Amino acid sequence: MEKVSLIRVIWRRFVLLLLLATSSGAWATASCKANYSAFTLSFPSTVAVARDVPNGSLLTAWVQTQQLTNYYTCTVTQQTATGVDFETAGIVSSTPTSYKVSYNGYSVSVYSTNVPGIGIAMGGYINSGGIGWAGFYDFPHLGLQNNPNGTVNNGGQLVAALVKIGDVAPGTLSGMIAQAFSWEGPSNPPAGDNLAAGVINFSISPVAVTVMTCRTPDISVPMGVFKTTDFPGVGSLSPSPASFVVQLQNCPGGAAVSGTQAGQIHSVQYRIDPTNGTLVTNVAALGGSPSATGVGVELFDSTGAVFPLSTNKALSGFNSASGGSYSVPLTARYYRTGTVTPGPADTTMTLTVSYQ
């Protein structure tokens, strides 16, 4: 009795597997054909980026292709999954960067382009016949399936924006950024791209990328010649201040691009750092050999107040719309820090300007 029951169970399982294999063989690939060959996304012809805009910032508004429901027309003779697949291509990397940006509440991946520091965020919508428009999909692979018989139209819409992803170098974005494929096949094995149905190319209109900065000429400040007796005690200053001007010339102006960090320099900050460090707070140490000892260099602003070293200061009066040239008047004096010995009393400082 036990032996007969076991044989019957095995036979029933064999019949079930055979029926499944026969059923899966009934799937067929749809016959699909592209109705379009290419689209161009119209971006601004120029994008001006302040040098120190934070990475991950949008540089353009979002640009979309037209919503179309008929990228591909498919004839389905038996139940077969069909849809549309978007992939990166051309001047855009195949793998995303670590940056994400937001589009209508969706998180969108950013891909590097052929211009250093410039990335592109891409995603899209898919429309499959019988299902309609689906929600927004991040790249890559936006395939969506339906399983009707008869004629099926599948379409979509590509959405993209430029994003800062690193130090920007001037250059021109131009060329293909993505491709769409007809996505076809049964659920098992999975559906895939059918290149024979035709590939739809998506390109970007040429975008010239410029980096916005001011010109900052080098400065040489003659301090004068002094005697050790000119510094009677610690904290005493040289009697004659040396005047000089920090210049920020030809700062570009522009109109801000709404919702982005592009189009103009929004703010300018500057700082002065002593190359050889400080002897006491805000007193730059001397450099070179031989060198005088017991003195350093202290800076003062136009009001006579001590200018703070290694501290960011906003450029007063900067106009982001008109740009222009700006001057920061300063004076320098020797400051006694200890026992003074004669010798050359030179120092260097570095001006750093930040643009956002």
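Just so we're clear, the structure is a prediction, and the values are computed from it rather than from any experiment.
For the residue pair Asn201 and Gln179, a side-chain donor N or O sits within less than 3.5 Å of a side-chain acceptor on the partner. For the residue pair Tyr99 and Asn55, a side-chain donor N or O sits within less than 3.5 Å of a side-chain acceptor on the partner. Between the side chains of Ser93 and Ser112, a donor-acceptor pair is found at a separation under 3.5 Å. When only modelled atom types and interatomic distance are considered, Thr341 and Thr293 share a side-chain donor-acceptor pair under 3.5 Å. Side-chain contact, Tyr71 with Asn127: no donor N or O sits under 3.5 Å from an acceptor N or O.
Taking 4.5 Å as the limit, every side-chain heavy atom of Ser45 sits out of range of all side-chain heavy atoms of Val207. For the pair Phe181/Leu195, a side-chain contact is recorded, criterion being any heavy-atom separation below 4.5 Å from C-beta on. No side-chain heavy atom of Gln247 sits less than 4.5 Å from a side-chain heavy atom of Tyr326. Side-chain contact between Leu286 and Asp346 is absent, with no heavy-atom pair separated by less than 4.5 Å. In this structure the side chain of Tyr270 never reaches within 4.5 angstrom of the side chain of Thr311, judged on heavy atoms. Residues Val211 and Val49 fail the side-chain proximity criterion, which asks for heavy atoms closer than 4.5 Å.
Val53 and Phe318 fall into different hydrophobic clusters, where Ile, Leu, Val, Met, Phe, Trp and Tyr residues are linked whenever their side-chain heavy atoms come under 4.5 Å apart, directly or through other members. The hydrophobic clustering, which links ILVMFWY residues whose side-chain heavy atoms are closer than 4.5 Å, places Val92 and Val209 together. Under a hydrophobic-cluster definition in which Ile, Leu, Val, Met, Phe, Trp and Tyr are linked whenever side-chain heavy atoms come within less than 4.5 Å, directly or via other members, Ile118 and Val257 are assigned to different clusters. In the hydrophobic cluster analysis, where Ile, Leu, Val, Met, Phe, Trp and Tyr join through side-chain heavy atoms closer than 4.5 angstrom, Phe300 is grouped apart from Ile219. Clustering ILVMFWY residues whenever any of their side-chain heavy atoms sit less than 4.5 angstrom apart, transitively, puts Leu237 in a cluster other than the one holding Leu299.
A donor-acceptor distance shorter than 3.5 angstrom exists from the side chain of Asn319 to the backbone of Ala321, with no hydrogens or angles considered. Although no hydrogens or angles enter the test, the distance criterion places no donor-acceptor pair under 3.5 Å between the side chain of Ser174 and the main chain of Thr172. For Ser320 (side chain) and Gln264 (main-chain N/O), no donor-acceptor pair under 3.5 Å exists by modelled atom type. Formation of a donor-acceptor pair under 3.5 Å by the Thr216 side chain with backbone atoms of Leu248 is not found in this model. Using a distance-only test at 3.5 Å, with no hydrogens or angles considered, no donor-acceptor pair links the side chain of Tyr137 to the main chain of Ala134. Between the side chain of Tyr72 and the backbone N or O of Gly198, at least one donor-acceptor pair lies under 3.5 Å. A distance-only check finds no donor-acceptor pair linking the side chain of Asn114 to the backbone of Ile91 [under 3.5 Å]. One N or O on the side chain of Asn194 and one on the backbone of Ala196 form a donor-acceptor pair closer than 3.5 Å. No donor-acceptor pair closer than 3.5 Å links the side chain of Gln356 to the backbone N or O of Ser267. Distance alone, capped at 3.5 Å, places no donor-acceptor pair between the Thr40 side chain and the Ile204 backbone.
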Take Asp138 and Tyr106 through the test side-chain hydrogen bond (donor to acceptor under 3.5 Å, both in side chains) and record every step on the way to the result. CA-CA 8 Å; Asp138 191 14; Tyr106 295 98; over 6 Å; no
What verdict does the side-chain hydrogen bond (donor to acceptor under 3.5 Å, both in side chains) test give for Thr350 and Asp273, after you've listed the backbone C-alpha separation in whole Å, the side-chain angles of each residue and the deciding distance to 0.1 Å? CA-CA 5 Å; Thr350 301; Asp273 295 286; over 6 Å; no
Could you walk me through whether Phe139 and Glu87 pass the side chain to side chain contact (heavy atoms under 4.5 Å, CB included) test, one step at a time? CA-CA 7 Å; Phe139 259 43; Glu87 300 285 348; 5.7 Å; no
Does Val246 form a side chain to side chain contact (heavy atoms under 4.5 Å, CB included) with Leu351? I'd like the steps, not just the answer. CA-CA 9 Å; Val246 172; Leu351 171 68; 3.6 Å; yes
Before you tell me yes or no, could you show the steps for Thr73 and Asn35 under side-chain hydrogen bond (donor to acceptor under 3.5 Å, both in side chains), namely the whole-Å CA-CA distance, both residues' side-chain angles and the distance that decides it to 0.1 Å? CA-CA 7 Å; Thr73 298; Asn35 296 310; 3.0 Å; yes
For side chain to side chain contact (heavy atoms under 4.5 Å, CB included), just list the numbers for Phe43 and Leu162, CA-CA rounded to whole Å, side-chain angles, deciding distance to a tenth of an Å, and then say yes or no. CA-CA 9 Å; Phe43 275 80; Leu162 298 186; 4.0 Å; yes
Would Asn153 and Thr69 count as a side-chain hydrogen bond (donor to acceptor under 3.5 Å, both in side chains) here? Give the steps. CA-CA 6 Å; Asn153 282 319; Thr69 60; 5.9 Å; no
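Pairing each heavy atom of Ser327 with each of Val245, the nearest pair is CB-CG1, 3.5 Å. Here the closest heavy-atom approach between residue Asn250 and residue Ser325 is recorded as N-OG, 3.0 Å. Heavy-atom minimum distance, Thr331 versus Ser243: CG2-OG, 3.6 Å. Smallest separation of non-hydrogen atoms from Leu68 and Trp133: O-CH2, 3.8 Å. Residues Trp183 and Val84 come closest through the heavy atom pair CB-N, 4.0 Å. Nearest heavy-atom pair, Met122 versus Ile177, reported as atom, atom and distance to 0.1 Å: CE-O, 3.4 Å.
Between Tyr103 and Phe136, the two ring planes are tilted [angle within 30° to 60°].
Taking 4.0 Å as the cut-off between side-chain N and carboxylate O, Arg51 and Asp167 do not count as a salt-bridged pair.
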